[in-house]
Chemist: 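Just passing along the structure, written as structure tokens.
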There are 2 protein chains.
Amino acid sequence: MKPIPNEGFPAEDHDHRHCTDRALERAAAICKRRGARLTDLRRRVLELVWSGHKPLGAYDILDTLRRERRGAAPPTVYRALDFLAAQGLVHRIESLNCFVGCSDPELPHSGQFLICTSCGSVAELNDVRIDDAIRDSAAEAGFTVGRRTIEVDGLCPHCQEQGRGPRGRPPHNIAGGTPPLSPRGPRGRPPHNIAGGTPPLSPRGDGDG
Amino acid sequence: MKPIPNEGFPAEDHDHRHCTDRALERAAAICKRRGARLTDLRRRVLELVWSGHKPLGAYDILDTLRRERRGAAPPTVYRALDFLAAQGLVHRIESLNCFVGCSDPELPHSGQFLICTSCGSVAELNDVRIDDAIRDSAAEAGFTVGRRTIEVDGLCPHCQEQGRGPRGRPPHNIAGGTPPLSPRGPRGRPPHNIAGGTPPLSPRGDGDG
DNA sequence: CTTGATACGATATAACATAACATAATTGGA
DNA sequence: TCCAATTATGTTATGTTATATCGTATCAAG
Ligand SMILES: [Zn+2]
Ligand SMILES: [Zn+2]
Ligand SMILES: [Zn+2]
Ligand SMILES: [Zn+2]
């Protein structure tokens with residue numbers, strides 16, 4: 001029972017109140033230190049974002065908020081999320097149009113996310129090796145790197161154990177053509193080539209799906 | 001004057017008709033080989049997506065299409081884009097809600113994109129080192145990788161030369177807190193730590209902004 | 001020419017996000 | 001304490017992106 005899943009997926013039976021409580025405490029400390037105003041509304045929105053490890057849409061938050069405050073409207077939520085994101089307390093998941101709590105808000109960073117397509121839970125990585133690979137590759141194209149959007153779909157450990165497959169499509173599932181990454185291919189393949197020449201809808205990589 | 005910018009940003013004065021022509025030829029060949037029907041509509045949408053190296057929104061495409069066909073409507077465009085993406089001929093850029101032509105449609109792959117925040121142009125990387133880093137990092141969390149969304153904001157070589165800064169915000173620019181990647185930090189930093197403890201809105205990395 | 005499958009037309013609505021301006025709460029100083 | 005500036009929130013309206021549904025047309029095969 002890991003209380004604070006800073007990296008990786010939390011155990012299914014973990015005590016999630018610890019996650020929420022700690023997130024709120026850290027947020028309060030961070031805002032106080034910076035002179036930023038963590039108002040009741042913003043605090044409540046952060047708490048809702050932290051109601052699980054699955055990302056929440058702005059309108060999901062709004063639905064709850066409407067039951068608690070008269071006059072809650074889309075700007076209410078978006079402004080709060082704006083503040084929280086500016087403080088590094090939440091991240092937006094672009095591929096889902098959703099928001100998750102940041103697992104390490106003390107450090108400024110773009111997020112790197114693992115998104116389980118079976119249970120919907122999300123883990124944050126922030127692995128410097130990924131940033132390094134991106135920076136190096138971008139540098140070869142003469143590109144100076146700013147914000148990174150790194151969102152990886154797949155299966156979390158729990159869902160793999162239970163042999164669960166993907167449940168429901170991601171939004172705007174325009175695109176069938178992406179093969180999964182194989183566990184480890186032989187080094188020295190030509191750059192750019194990821195898998196064989198199989199047609200897009202086949203789930204086959206070069207050894208594992 | 002590189003005719004086919006398979007990787008990196010094309011020269012500003014390149015003959016873009018070559019890009020478009022080649023994309024359409026390859027698309028025709030691919031679809032023919034697969035028995036997929038590249039209809040006039042789909043071909044035209046692909047051509048519009050390839051009207052530049054900047055991503056195009058579905059409703060941008062629709063605007064043009066409406067002038068050419070009676071009865072064009074959102075589903076017209078989305079269905080065509082759906083088909084093109086399933087065939088690997090276009091990619092969706094999640095962080096922009098836009099679409100770009102794929103620079104290498106013969107190979108199934110998730111895209112990796114460099115997005116210039118100054119001129120708006122996009123280059124596709126597909127660097128196996130990035131996929132490797134992601135797979136390795138994900139494996140440590142017990143995660144099996146499927147589709148990757150890799151979108152990197154920054155400045156392309158042309159805009160760096162001209163000292164242009166970012167022009168306009170990306171959509172839903174919720175988030176101020178992402179520091180740029182420095183050109184190369186010392187190896188051996190603790191995992192997860194990307195930059196110092198500076199507050200989110202500061203543009204400072206550890207050596208370069 | 002029929003049949004089954006695929007593609008497209010047409011209408012409606014869902015889902016996500018922001019603009020603009022009014023009012024309220026907070027803060028810091030007179 | 002009171003005022004003025006600033007920041008936060010309320011309120012209404014609208015913009016933008018994406019999908020559902022159902023009918024019609026086109027196509028390929030037998
Ligand atoms: Zn938890
Ligand atoms: Zn984070
Ligand atoms: Zn071109
Ligand atoms: Zn591509």
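Letters go in sequence order (proteins before strands), and every chain restarts at 1. Keep in mind the model is a prediction, meaning the values are calculated, not measured.
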Chemist: Tell me: CG of A:Asp82 to P of D:dA8, nearest whole Å?
Modeler: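 Atom-to-atom, A:Asp82 to D:dA8, this comes out as 11 Å.
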Chemist: Run the side-chain contact (heavy atoms from CB on, under 4.5 Å) check on A:His91 and A:His109 step by step: do they pass?
Modeler: CA-CA 10 Å; A:His91 294 288; A:His109 57 269; 3.1 Å; yes
Chemist: Taking the side chain as every heavy atom from C-beta outward, state whether A:Val122 and A:Glu151 have any pair of such atoms under 4.5 Å apart.
Modeler: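 No; the side chains remain at least 4.5 Å from each other.
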Chemist: Would you kindly give the CZ-to-C1' distance between B:Arg66 and C:dC8, to the nearest whole Å?
Modeler: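 Between C1' of C:dC8 and CZ of B:Arg66: 15 Å.
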Chemist: Between C1' on C:dT26 and CZ on A:Phe83, what's the gap in Å once rounded to a whole number?
Modeler: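 Roughly 14 Å, once rounded to whole Å.
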Chemist: With distance as the sole test, does A:Gln87 use its side chain to make a donor-acceptor pair with the main-chain N or O of A:Ala27 at under 3.5 Å?
Modeler: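 No, A:Gln87 side chain to A:Ala27 backbone: no donor-acceptor pair under 3.5 Å.
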Chemist: Collect all protein-nucleotide pairs involving nucleotides 11-17 of chain D in which both atoms are nitrogen or oxygen and the distance is under 3.5 Å.
Modeler:
unit_1, atom_1, unit_2, atom_2, d
D:dT11, OP1, A:Arg70, NH1, 3.0

Chemist: Can you find a pair of side-chain heavy atoms, one from A:Trp50 and one from A:His16, that are under 4.5 Å apart?
Modeler: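 They are in contact (side-chain heavy atoms under 4.5 Å apart), so the answer is yes.
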Chemist: Quick one: B:Leu41 CG to C:dT6 P, roughly how many Å, whole number?
Modeler: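 Those two atoms, CG and P, are 18 Å apart.
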Chemist: To the nearest angstrom, how far is A:Leu38 atom CG from D:dA8 atom C1'?
Modeler: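 Those two atoms, CG and C1', are 13 Å apart.
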Chemist: For B:Arg69 and D:dT26, what is the distance between atoms CZ and P respectively, to the nearest whole Å?
Modeler: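 Nearest whole value for this atom pair: 12 Å.
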Chemist: Starting at atom CD1 of B:Ile61, determine the distance to atom P of C:dC8, rounded to an integer number of angstrom.
Modeler: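 Whole-Å distance recorded here is 14 Å.
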Chemist: Using 4.0 Å as the upper bound for N to carboxylate O, is an ion pair formed by A:Arg26 and A:Asp104?
Modeler: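 Salt bridge present between A:Asp104 and A:Arg26.
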Chemist: Looking at C:dA7, I'd like to know if its phosphate oxygens (OP1 or OP2) sit under 4.0 Å from a side-chain N or O belonging to B:Arg42.
Modeler: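 Checking C:dA7 against B:Arg42, a side-chain N or O does come within under 4.0 Å of OP1 or OP2.
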Chemist: Taking CZ from A:Arg37 and C1' from D:dA5, how many angstroms apart are they, rounded to a whole number?
Modeler: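 For the pair A:Arg37 CZ and D:dA5 C1', the rounded distance is 12 Å.
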Chemist: Test of understanding: with ring-ring contact (aromatic ring centres under 6.0 Å, His included), list the residues that count as partners of A:Phe83, not counting sequence neighbours.
Modeler: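 With sequence neighbours excluded, A:Phe83 shows a ring-ring contact (aromatic ring centres under 6.0 Å, His included) to no residue whatsoever.
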